[in-house]
There are 2 protein chains.
Amino acid sequence: MADYTLNTTKPGQMLARGVCRLLRGHGYVSVEEFVPTRGLRVDVLGLGPKSELWVIECKSSRADFQTDRKWQGYLAWCDRYFWAVDQDFPADLLPEGTGLMIADAYDAEIIRMAPEHKLAAARRKMMIHKFATHAARRLHSLRDPGVSAFCLPDAPAD
Amino acid sequence: MADYTLNTTKPGQMLARGVCRLLRGHGYVSVEEFVPTRGLRVDVLGLGPKSELWVIECKSSRADFQTDRKWQGYLAWCDRYFWAVDQDFPADLLPEGTGLMIADAYDAEIIRMAPEHKLAAARRKMMIHKFATHAARRLHSLRDPGVSAFCLPDAPAD
């Protein structure tokens, strides 16, 4: 079956698609391009059945990884932090103490579980509220395309 | 501008569309057909910026209202409970102690604010997690139609 969506999708977004399928298979839901706080935007945020929060950054190439100056800032917004790369990526480059997924556009696999650093309760609560808001806003825009014209634009931080 | 989505939408869903636009204009996000617990399904659940939870039931006709045997069961799952009806609906039928919105497919207006009965913290936390899960699952199915084939079906309660 032809998969037309892939033609217009960037390499990192294809990895994210596979990652989100993996997460769903594990009972997690996910959103893409989530903004935990102004100036940060994570590729994938997963929410687990027990309110676990996982951040997954998708890197399509060595250069994509080496130009990332922000990833350490994401650690404070999740319980576990993972990289997702394709099978040709030189995984030795990736820092210790982080998780690793091998992904393609169709699926992903957890190669190394990330260590857990549990969020404080107040931050978890804020993140889940923000996750709900992010997902519902985007869903609303898809099911009622007229809503964008009707409403004020979203705040720039989300 | 032609609005093709309306041709295949039931009257209650048209009211829900207007209600969701109203909510968004008030800074609330919303989901439709949300299942708080097995056997109950609310038309619209709104989530406010301070984690307020509003349930809005959309009634397209007198018969639609009079055959509803479940609405009192929804009160335990929200801070405020509203009816949304069109301008021709005999609003005198509606019980006291509930809120009222007049809606059409394009917008809605709050005619009578619902009294507030605040949820307990544990239930609010559970509801927001479930709201996030509901919205993200449906968003995921729309942005990656292949995911339904890839994953196990959702649990029947949600």
Side-chain angles (χ1 to χ4, degrees), chain A residues 1 3-6 9 13-14 16-32 34 45-51 53 105-107 121 124-152 154-155 158, chain B residues 1 3-6 9 13-14 16-32 34 45-51 53 105-107 121 124-152 154-155 158:
Chain A
M1 189 175 72
D3 194 342
Y4 298 106
T5 57
L6 294 185
T9 307
Q13 291 174 319
M14 293 200 293
R17 195 178 87 162
V19 166
C20 291
R21 290 182 176 191
L22 166 76
L23 290 172
R24 184 128 162 192
H26 281 70
Y28 279 58
V29 290
S30 58
V31 289
E32 294 179 35
F34 177 88
L45 178 65
L47 172 65
K50 293 179 179 168
S51 300
L53 287 160
Y106 299 94
D107 198 1
R124 183 183 314 283
K125 184 177 169 188
M126 178 280 277
M127 284 287 282
I128 294 172
H129 186 277
K130 210 161 188 171
F131 181 109
T133 300
H134 174 111
R137 271 209 195 119
R138 275 152 190 77
L139 176 64
H140 194 188
S141 298
L142 290 173
R143 68 171 201 261
D144 178 9
V147 78
S148 315
F150 181 84
C151 297
L152 294 171
D154 295 343
D158 183 12
Chain B
M1 189 176 68
D3 194 342
Y4 297 105
T5 58
L6 294 183
T9 307
Q13 292 173 320
M14 292 199 295
R17 194 178 89 161
V19 166
C20 291
R21 289 182 177 190
L22 166 76
L23 290 172
R24 185 130 162 188
H26 281 72
Y28 280 58
V29 291
S30 57
V31 290
E32 293 180 37
F34 177 88
L45 177 65
L47 171 64
K50 292 178 179 168
S51 301
L53 287 160
Y106 299 93
D107 198 0
R124 184 184 314 282
K125 185 177 168 186
M126 179 279 278
M127 285 287 282
I128 294 172
H129 185 277
K130 211 161 188 169
F131 181 110
T133 300
H134 174 111
R137 271 209 193 118
R138 277 153 188 75
L139 176 64
H140 194 187
S141 298
L142 291 173
R143 69 171 201 260
D144 178 10
V147 79
S148 316
F150 180 85
C151 296
L152 294 171
D154 295 344
D158 183 14

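If you're wondering where the values come from, they're calculated on a predicted model, not measured in any experiment. Sequence lines set the chain letters: A, B, ... in the order given, protein chains first and strands last, and positions in each chain run from 1.
The line from CZ of A:Phe131 to OG1 of B:Thr133 is 7.0 Å long, rounded to the nearest 0.5 Å. With rounding to the nearest 0.5 Å, the separation of CG in A:Leu142 from CG in B:Leu139 is 6.0 Å.
Side-chain contact between B:Arg17 and A:Arg143 is absent, with no heavy atoms from C-beta onward closer than 4.5 Å.
Taking every heavy atom of both residues into account, B:Arg24 and A:Arg137 meet most closely at NH1-O, 3.2 Å. Among all heavy-atom pairs drawn from B:Ala135 and A:Ala136, the shortest one is CB-N, 3.7 Å. In this structure, B:Gly146 and A:Arg21 approach most closely via the heavy-atom pair CA-NH2, 3.7 Å.
B:Ala16 meets the side chain to side chain contact (heavy atoms under 4.5 Å, CB included) test with B:Glu32, B:Val44, B:Cys58; sequence neighbours excluded.
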Run the side-chain contact (heavy atoms from CB on, under 4.5 Å) check on A:Leu47 and B:His129 step by step: do they pass?
CA-CA 9 Å; A:Leu47 172 65; B:His129 185 277; 4.0 Å; yes
